[in-house]
There are 2 protein chains.
Amino acid sequence: MSSTERRERERAQRHQLIITAARELAEAEGWDAVTTRRLAERVEYSQPVLYSHFKGKDAIVRAVALEGFDDLGAQMRRARLAEISPKEALRALGRAYLDFAADRPALYEAMFIMPTDLAFAGTETPPALRAAFGEIVAVVGPRDGVGLYAEVFWGSLHGIAVLVHGKRMPAEHQGDRLDLLVEHFTPEAG
Amino acid sequence: MSSTERRERERAQRHQLIITAARELAEAEGWDAVTTRRLAERVEYSQPVLYSHFKGKDAIVRAVALEGFDDLGAQMRRARLAEISPKEALRALGRAYLDFAADRPALYEAMFIMPTDLAFAGTETPPALRAAFGEIVAVVGPRDGVGLYAEVFWGSLHGIAVLVHGKRMPAEHQGDRLDLLVEHFTPEAG
DNA sequence: TAGTGCGCCTAGCGTTGCTAGAATCAGGGG
DNA sequence: CCCCTGATTCTAGCAACGCTAGGCGCACTA
């Protein structure tokens, strides 16, 4: 059954190809440009092939988002581990988060803005999401049982990131905003 | 030219009718349900009439959003003026903001989530937006020249509101999150 | 080599935002 | 009183969207 294996391998490659193409197209021209037709053209297959891999366009976006959580988690982890003091670690993680949102806006959009049915805080939550949130918990400090501080710190970062991204808040002073947040959320100083 | 006046009056009424219908339809069934066809049917005119009032669908959404800022501004103002102490005023305004987002999700979406070309912080910023932001500045205290504290407080509120709305953060504990924010942003204590 | 089944593509459905051109209606002049 | 003029509204249709049915062709099995 070697041919079957090869087929499955090729199929998996194409699966990944679709996800990558969708992300690249979104990052280059925005999600509005990611239509099933253009995406199919880009992977050099016809439209229906997409539907043999994914239930629909939403599922493709979800797959792109899911990969993004690995990246974001790793980026935050690297940032916080590079610092010694809790305060500096917090600032580094916050900067990493905001940089991620600013540098890869389309990916960030798929992860945190577009409608999704990814389970975010439940038993079905994918490991990548859990790990990414865990980085925030680690740096904020699990001062309470439910991670309230981590939630609010995350929410604050997300808020300013998304308002800047939507041009509802000036892009300048983002560093100052982060400093202000860090000042308030530094562990112990609570 | 009385007939002309009447015509203009009727036209203005219809203009408002379209905005109201769009908002109601969005609040009842979500913005996806607000198609130009359904909206036209609802106002009992044909589709092209919409385009004689608005440049396109985006312009209708923008008009709905603009009205929302009056509501939100008033709601925040009422809340903060009902309290004496700065801390309680801050909490009341925050609660008003979060309640607005939770109670009128479609309207909130049009104001703060959907793509828009409304000028948010510039010379062209509509008075309603300016006034609403002014309420936040008033309650946070303009501790710096550029309203950094107000921006970050607003961003934090927006972040948790929108993450809960998108089911990316549990809906519970929203009150606790607000308390935590208020604790950190209370004037003087800063 | 003939049969068989899977995989891919062509074609098309219903819906979207938006627009061109026909039709209709109100108001004013002969 | 009637017809003409101009504005206003509607019918019809375009291109693009997400998605799907059905048939064709190729690769593998026997």
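Below, read A as the first sequence line, B as the second, and so on, with proteins coming before strands; counting in each chain starts at 1.
- Straight-line distance from the CG atom of A:L39 to the P atom of D:dG18: 9 Å, rounded to whole Å.
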Does the pair A:F69 and A:F133 meet the rule for a ring pair (Phe, Tyr, Trp, His ring centres under 6.0 Å), with working shown?
-> CA-CA 9 Å; A:F69 285 102; A:F133 187 69; over 10 Å; no
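- Near DNA chain D, defined here as any heavy-atom distance below 4.0 Å, the residues from residues 13-36 of chain A are A:V34, A:T35, A:T36, listed numerically.
- When the P atom of C:dT16 is taken as reference, atom CZ of B:R38 falls 9 Å away, rounded to whole Å.
- Atom pair B:E41:CD and C:dT16:C1' shows a separation of 15 Å (rounding to whole Å applied).
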Show every donor-acceptor pair shorter than 3.5 Å between a side-chain atom in residues 72-84 of chain B and any protein atom, with sequence neighbours excluded, or say none if there are none.
residue	atom	partner	partner atom	Å
B:R77	NH1	B:E135	OE2	2.7
B:R80	NE	B:E135	OE1	2.5
B:R80	NH2	B:E135	OE1	3.2

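- Partners of B:R91 under the salt bridge (Lys or Arg N to Asp or Glu O under 4.0 Å) rule, at least two apart in sequence or in another chain, are B:E88, B:D179.
- Note: CZ (B:F54) to P (C:dC18) measures 13 Å, nearest angstrom.
- The base of C:dC9 does not come close enough to the side chain of A:Q47 for any donor and acceptor atom to sit less than 3.5 Å apart.
- In this structure a side-chain-to-backbone donor-acceptor pair under 3.5 Å is present from B:R177 to B:E172.
- Comparing C:dA11, C:dC8, D:dA12 by their closest approach to the side chain of A:S46 singles out C:dC8.
- The distance between atom OH of B:Y45 and atom P of D:dC10, rounded to the nearest whole Å, is 7 Å.
- Here the nucleotide nearest the side chain of A:R37, chosen from C:dG12, D:dT11, D:dA21, is C:dG12.
- In the set C:dC9, D:dC10, C:dC18, C:dC9 carries the atom at the smallest distance from any side-chain atom of A:V49.
- The shortest distance between side-chain heavy atoms of A:T125 and A:F120 does not fall below 4.5 Å.
- The distance between atom CZ of A:R11 and atom C1' of C:dC8, rounded to the nearest whole Å, is 11 Å.
- Side-chain atoms of B:H158 and B:Y108 include a donor-acceptor pair closer than 3.5 Å.
- Regarding A:Y51, its OH atom lies at a distance of 16 Å from the P atom of C:dT10, rounded to whole Å.
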